[in-house]
Amino acid sequence: MSTPALTTYQRHHLRPTYEHHVGYLFPAMVRASQAHVVMLTEQGLIPVERGARLLRGLAGLRADTAAAPAFDGTFEDTYYLVEKRLAAACGVPTSELDVQMARSRNDLDAGVFRMLLRDQLAGVLDRVLATGAVALAAADRYADVVITGYTHRRPAQPTTIGHALAGYAEALAGEAVGYADVIEALNVSPLGSCAFAGTDLDISPARVAELLGFAALVTNSYEAVAGADHLVRVGTLNAQALATGARLARTLMDWLSWRWVSTPGDFTQGSSIMPQKRNPVVLEHLVSYAGQAAADAASVLNNVGAAWWEDSNNATTDVQVRLWESNDRADRFFALLGGFLAEIEPLEPPSAAEIVASGATTTAAADALTRHGVPFRAAHSVVGRLVRAGSPDTWTADGVRAAADGLVADGLGAAAVEDLIAAAVRPELVLGRAQADGPGTAAVRAQVATLRGTFDAVTARLAAVRDRLDRADAALDAVAAELAAR
């Protein structure tokens with residue numbers, strides 16, 4: 001018998017959606033179905049022999065590594081493909097299946113989406129943690145490499161490579177905590193909510209959750225299938241994390257162009273026409289990745305905002321592709337950024353003379369006067385006069401005193417003048433700055449130690465989630481095999 005021609009809806013929505021989704025959804029739906037059938041059997045809702053038959057069939061589907069069948073219109077989507085293949089594996093018509101008892105496509109989709117996203121985000125978090133470790137190692141290693149810090153794309157004050165990278169590591173640490181929080185938010189089970197109102201059958205949603213590694217149940221069955229805040233959080237956190245990383249990538253482009261740091265050869269491409277060039281275009285790709293992540297997040301927000309407060313494909317099913325691709329992009333983003341940071345080394349950081357000539361030391365010069373009792377605004381004006389007169393390396397004691405005339409009532413003492421000039425021509429003095437969050441060498445290394453503690457705490461949280469999932473996998477395998485043998 002020939003297969004009927006596909007309808008327009010099948011050709012232009014169901015088939016392409018199935019082709020993209022089946023590789024993600026089929027294994028997860030089979031796994032969730034194993035837990036569901038175990039629960040139905042244990043609760044006495046289906047006879048043991050029927051439960052055993054279903055579990056044997058599901059085990060066969062899980063072990064089958066053949067490619068998914070082509071969409072031919074004989075099933076609507078992956079959900080019904082599971083039924084079709086399970087019936088064939090059990091040797092019964094689909095009318096004799098119990099696998100969908102006390103379950104809807106609504107809560108199954110919601111559960112499977114959570115299962116997939118928690119696993120994907122765990123991988124992203126691995127990358128974030130690894131990138132954080134690399135950034136902290138570089139911050140510690142280069143805590144005494146003085147460079148010019150910029151604000152509004154103009155030289156501002158001396159800082160160090162280590163200080164800048166420790167700052168990015170702190171942003172990463174906050175994002176790592178955010179990913180751990182979202183994984184925990186995802187790891188609550190909606191299974192058992194059915195269409196949205198539950199069931200009168202004596203099911204045990206907690207048992208299904210336990211077997212699938214969920215830490216708890218969604219409190220309300222309506223929220224379980226209608227809710228989308230956890231989906232929004234995934235997309236927006238990726239967008240946030242990649243946007244911050246893209247800002248670092250832009251700064252690294254400058255450092256490379258100025259030859260402050262080396263250009264990692266593994267992350268460059270040659271020019272098609274200029275033989276001397278090695279282009280670190282990976283940094284441009286990272287900026288583009290961030291823009292794509294923002295677009296994915298906007299798509300999720302737009303779809304969710306366009307949906308009703310009920311089960312709606314707009315807010316749940318239709319945003320999954322954007323989230324899966326966003327997670328994949330985030331994983332690759334941090335693999336690339338972490339790899340890049342691991343290879344950069346100081347090359348030709350700006351010399352003290354270059355930093356002084358840029359004017360970056362003038363704030364420190366004004367601060368030096370305030371330590372001698374000069375009001376800051378007066379000190380600022382004195383240094384302003386000096387800057388207009390010439391570069392700091394041309395300042396003299398007499399010139400400083402002349403600049404203070406009329407601004408400092410009692411004039412400047414020799415110690416004040418000496419301190420101002422030293423601060424103006426010795427940018428390396430920043431390495432001794434004691435402020436805990438500042439660029440002083442000891443301060444940066446203390447920051448590194450503090451941030452390592454944050455990353456270690458997140459690593460422990462992620463390990464606890466994985467341990468729960470591993471134990472759940474082992475328990476489900478064991479009980480499913482035991483029941484299937486009956």
Side-chain angles (χ1 to χ4, degrees), residues 1-7 10 14-15 17-112 115-116 191-192 194-195 199-205 207-212 472-486:
M1 182 183 298
S2 61
T3 303
L6 298 181
T7 67
Q10 290 173 327
L14 292 181
R15 182 171 63 186
T17 300
Y18 164 81
E19 289 173 349
H20 186 279
H21 284 44
V22 66
Y24 291 91
L25 297 182
F26 189 87
M29 285 186 172
V30 169
R31 194 57 167 165
S33 296
Q34 288 180 298
H36 185 66
V37 172
V38 166
M39 179 275 292
L40 293 177
T41 306
E42 290 178 343
Q43 292 294 107
L45 291 170
I46 58 176
V48 172
E49 62 274 14
R50 294 211 324 242
R53 180 177 64 192
L54 288 171
L55 289 169
R56 288 193 294 270
L58 288 165
L61 296 188
R62 191 157 185 254
D64 186 359
T65 59
F71 184 85
D72 60 6
T74 62
F75 54 89
E76 184 174 302
D77 56 13
T78 306
Y79 175 88
Y80 285 110
L81 175 66
V82 171
E83 272 202 356
K84 179 180 179 180
R85 293 187 66 186
L86 180 58
C90 293
V92 299
T94 55
S95 61
E96 292 186 19
L97 292 179
D98 294 300
V99 71
Q100 306 300 7
M101 177 187 292
R103 189 174 73 177
S104 165
R105 182 164 42 178
N106 295 2
D107 65 330
L108 179 59
D109 277 351
V112 164
M115 291 164 63
L116 291 168
L191 293 162
C194 302
T199 176
D200 291 325
L201 296 174
D202 184 25
I203 63 172
S204 176
R207 177 60 167 156
V208 176
E210 175 189 23
L211 292 171
L212 294 174
D473 273 345
L476 178 51
D477 284 340
V479 71
E482 178 187 350
L483 292 174
R486 294 187 182 182

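Note that these values count all heavy atoms, side chains included, but never hydrogens, waters or copies made by symmetry. Numbers here simply count residues along the sequence, with the first being 1.
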Residue list, salt bridge (Lys or Arg N to Asp or Glu O under 4.0 Å) with E76, at least two apart or on another chain
R105
Would you say that L54 contacts I46 through its side chain, given a criterion of any heavy-atom pair below 4.5 Å between the two side chains?
yes
Drop me the distance from E49's CD to L483's CG, to the nearest 0.5 angstrom.
12.0 Å
Flag, side chain of R207 to backbone of V38, donor-acceptor distance under 3.5 Å
no
As an exercise, state the distance from CZ of F26 to CG of D77, rounded to the nearest 0.5 Å.
12.0 Å
Flag the pair P69 / R85 as yes when at least one side-chain heavy-atom distance between them is below 4.5 Å, and no otherwise.
yes
For Y79 and R103, work out which heavy atoms get closest and say how close.
OH-O, 4.5 Å
Test T199 against M101 for side-chain contact (heavy atoms from CB on, under 4.5 Å), laying out the working first.
CA-CA 10 Å; T199 176; M101 177 187 292; over 6 Å; no
Do you know the tightest heavy-atom contact between L97 and E83?
CD1-O, 3.5 Å
When you check the gap from the basic side-chain N to the acidic O, do D477 and R62 get nearer than 4.0 Å?
yes
Please round to the nearest 0.5 Å and tell me the distance separating atom CG of L14 and atom CG of L6.
9.0 Å
Grab the two heavy atoms, one from D107 and one from L191, that are nearest each other, plus how far apart they are.
O-CD2, 3.2 Å
Going by heavy atoms in the side chains, are D72 and F75 under 4.5 Å from each other?
yes
Stepwise side-chain contact (heavy atoms from CB on, under 4.5 Å) check, L116 with L25:
CA-CA 8 Å; L116 291 168; L25 297 182; 3.8 Å; yes
Can you name the nearest heavy-atom pair linking L45 to D202, along with the distance?
CD1-O, 3.7 Å
Plane angle bin for Y24 and H20 - parallel if under 30°, tilted between 30 and 60°, otherwise perpendicular:
parallel
Rounding to 0.5 Å, atoms CE (M39) and CG (L476) come to a distance of 12.5 Å
When every non-hydrogen atom of M29 is compared with those of V82, the smallest separation belongs to CB-CG2, 4.0 Å
Compare all side-chain heavy atoms of Q43 with those of I203 and state whether any distance is below 4.5 angstrom.
no
So which heavy atom on L86 is nearest to which on G57, and how close?
CD1-C, 3.7 Å
With side chains defined as the heavy atoms from C-beta onward, is the minimum distance between V37 and D98 less than 4.5 Å?
no
Within a strict 4.5 Å, meaning less than it, do heavy atoms of the V479 and E42 side chains meet?
yes
Got H36 and L108 here, is their nearest side-chain heavy-atom distance under 4.5 Å?
no
